[in-house]
Amino acid sequence: MNLKRYAMKDLACPQLTDVPPLGMDAASLEMDIRHYYTNNLGRDQHCRLLYYAYEALALTIRDRLMERWKNTRQAYEDADARRCYYLSLEFLMGRTLGNAVLNLGLDEEIEKALNNLCLRYEDMVDAEPDAGLGNGGLGRLAACFLDSCATLQLPVMGYGIRYEYGMFRQNINNGYQVEEPDHWLAMTNRWEVERREYRQRIKFGGHSEHYYDDNGRRRARWVDTQDVQAIPYDVPIPGFNNGTVNTLRLWRAEATEEFDLGEFNAGDYAGSVAAKNEAEKITMVLYPNDASENGKNLRLGQQYFLASASLQDVIDRWTTIKGKDFSRFAELNCFQLNDTHPCCAVPELMRLLLDVHHLTWDEAWEIVQATMAYTNHTLLPEALEKWSVRMFQHLLPRLLEIIYEINARFLKEVALRWPGDLERQRRMSLIEEGPVPQVRMAYLGIVGSFSVNGVAALHSRLLQQGLFRDFYEMWPEKFNNKTNGVTQRRWLAYANPLLAELISSRIGSGWTTDLAQLKQLEPLAADRAFQQQWQQVKNANKELLADFVADKCGVAFPLDSLFDVQVKRIHEYKRQLLNILHVIHLYQRIKQGDIADWVPRAILIGGKAAPGYAMAKLIIKLVNNVATVINHDPQVGDLLKLVFLPNYNVSAMEIICAGTDLSEQISTAGKEASGTGNMKFMMNGALTIGTLDGANIEMREEVGADNFFLFGLSAEEVEERRRHYDPAAIIAADKHLGQVMQLLQSAHFNQFEPGIFDPIIRAIVNPDDLWMVAADFDSYRIAQEEVSRAYRDQQGWTRMSILNSAASGKFSTDRTMHQYNEDIWRLQAVAARKVGEDGKYI
Ligand SMILES: *Cc1c(COP(=O)(O)O)cnc(C)c1O
């Protein structure tokens, strides 16, 4: 391939500033859609596949993004702006079309254009597969961050991996989860631009070698490596109506050309093709483990691949523009590490600066410590990544050497500060000693960074008091909190157009970029006419959700029932079990005729279980078995419905959050770092039943205790209770829980599947139950009775619903990004050229 550099100036026409931007009116859009469909895609009236109509539309929209993208790059370059790079192994983007249309302000014109073409916008939207390059909250957070950064016009670029297969598709077979590969790239992805001109070389294996350079300085180099190429694919990230389009750069692994040739010349053609596959494995699949480490070779390979490709890319841009002088590098660059996953960036930046750019250790370390910032996402010990030293040695020998050196210097600092405290040195070491020595990635993140943050106030406090206590004592100034958020553009304006319209009709549309303005709804909460409109919108959204449920689960949700929803990854700490126990309790009340003043409930539970997480998978089976019994019992009828919604993803959540009455945020206190599903629901006017955990605490503070259904032990109480936790005694003393456990034990939900739920029963009665399901049952049941009582008063409920939405302003990622920028990144916003009313650049 000829990748010789040409002067492309004439081709790209950057000097022709009066080239008018593309038309944003229905007629221009329609013309372009027709053009792409016939001239580019070569389709005609005989093509039956809707996908190609979608593709023509996507290309039409992409053209409009492309010119803004180019202008944004130019503006950043001209401003010589300080930049931030958000490194994340996950970006749970969902679909792009609807969001791009919204952010470009094209909604109405697209509707018109499609109308003329006899196409329905919903069908176009549905033709696009979700970009499911993430597990759950952590990956979706990264996606919301990018949206907010583009809207705030911050020069932030995302770096991630272009997995060939994203998050698996979840099917349910006989109540069990069955995973199916998600080949989201089977059709051409029109939202990415391959940029081979920025490919990078990534080293693996081999060994390091020390030598003296011409100036007699001792240096190291990493040799005899098996290299892999990283090919970047750029995805446009449009800001909201502001002319800015930022970049998400995703890397794909490809075999190097020589690699193939070597094998080929040795006469092993088949072997050379196999070697190619080996290299390309690195970005083949997303690891589907949410909040648990994995320890697999390939996963460490992915993490290093992302860190190395991204850092080399940033450094290449630096040396191209600034040359070999790194003295201002830290002033103009900053890296935010999304959890420990990309923490190889710390030793890798050291390596690049030392071995490739020949800085001294002290110069390099100063740059690393001034550019890296680390975000922690969990307190669960099983999620804290550790890599065996042996694996590191084998895969990344030069990196391990650097980690040892960082550790030696760091432990010297600890010893100086706490002389003789060997126990402390052992605790804080980057290397955990033991039969299998391991590299502690979180500690590497802390030592290498100037900022360490948690994702909600409680979480950040618990980090400082617990997990990272020693480090907090050493460097209190590094630690800070950044409470998560979600973008209201996707999660309210796009996902809930009816509510968005109603809100804008009363307070204007300023909330789309300043969510705090929702506060202006507060005085309307008691307004009878507004309440009725609010209720109408909720009912319309419940109908859409009921249609979705009927389609996916074959169960009819009665519209007058309370829509009670828990959607999130299936995990013991999130306590879907507590929810099911309560459902069983409601079922028993119906069976016992205890239904005076009954509030009908339609309960939806959804989420994926990690394929290796047996207990989570069994919980899914239990939900399905309980659902089958309840939904087929004529005595239950419309009083109670339960479904397990298969394949929960971003597109499903867009429908779900708008149609939910009650949001279940019921994790064991101290275990959910923040939660973001909770915020999507609140924004859309759902009420929350929840524990004092993660961001629930701050949500309750914002909306007031009267408008939040609180239950359960606090984080402190959970820890206190552990020491004398006796679930058997709790069950014996609680009539309701006792009956629920009895019914479970009687195999009522598994009559022909003897014993399958025994592990669940054992977990609940185990005094070592980490999640203390039994401890919170009674308090949960009482709070749920309070919910039903509140729902009976529809006017009161609607008032609270409005107040929840009105109080959700804090939970916009616009606020979150503003705080990251104020405290950590310190970037200047840079505006790109805007298009004026006359359709020309201003
Ligand atoms: C928001 C979101 C999550 C995170 O939900 P939590 O309740 O905070 O765990 C996970 N998955 C998807 C698809 C989401 O949209």
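FYI, the numbering just counts along the sequence from 1. Bear in mind the structure is a predicted one, so any value in this text is a computation, not a measurement. Start at 1 and go down the list; that is how both ligands and their atoms are numbered.
Atom NE2 of H818 has 12 or fewer heavy atoms from other residues, nucleotides or ligands within 6.0 Å. Counting heavy-atom neighbours within 6.0 Å of E501 CD, excluding the residue itself, gives a total of 12 or less.
Nearest to atom 7 (O) of ligand 1 among the protein's heavy atoms is K568 NZ, 2.7 Å. Shortest contact from atom 11 (N) of ligand 1 to any protein heavy atom: Y648 CE2, 3.5 Å. For atom 5 (O) of ligand 1, the closest non-hydrogen atom on the protein side is G677 N, 3.7 Å.
Atoms CZ and NZ, from F644 and K552 in turn, are 14.0 Å apart once rounded to the nearest 0.5 Å.
At least one heavy atom of W491 sits under 4.0 Å from some atom of ligand 1. Heavy-atom distances between K574 and ligand 1 reach below 4.0 Å in at least one pair. Not close to ligand 1: R569, with no non-hydrogen atom less than 4.0 angstrom away.
Across all non-hydrogen atoms, the minimal contact from A493 to T512 is CB-CG2, 4.3 Å. The shortest heavy-atom contact between A673 and A456 is O-CB, 3.4 Å. When all heavy atoms of A495 and A658 are compared, the pair lying nearest together is O-CB, 4.0 Å. The two residues M679 and S674 come nearest to each other via the heavy atoms CE-OG, 3.8 Å.
Compare I656, L138, N649, T676 by their heavy atoms: the one nearest to atom 13 (C) of ligand 1 is in N649.
For V486, no heavy-atom contact with ligand 1 is shorter than 4.0 Å.
Across D564, L642, L545, a single residue satisfies side-chain contact (heavy atoms from CB on, under 4.5 Å) together with L604, and that is L545.
Below 3.5 Å of separation, one finds an N or O of K680 facing an N or O of ligand 1. Considering backbone and side-chain atoms alike, M653 places every N or O at 3.5 Å or more from each N or O of ligand 1. Checked against a 3.5 angstrom limit, the closest N/O atoms of N135 and ligand 1 fall outside it.
Close approach to G136 involves these atoms of ligand 1, each under 4.0 Å from a residue heavy atom: 10 (C), 11 (N). Annotation for ligand 1: atoms under 4.0 Å from non-hydrogen atoms of G137 are 3 (C), 4 (C), 10 (C). If you number the atoms of ligand 1 from 1 as listed, the ones under 4.0 Å from a heavy atom of G675 come out as 8 (O).
Between F777 and Y780, a ring centre-to-centre spacing not shorter than 6.0 Å is recorded.
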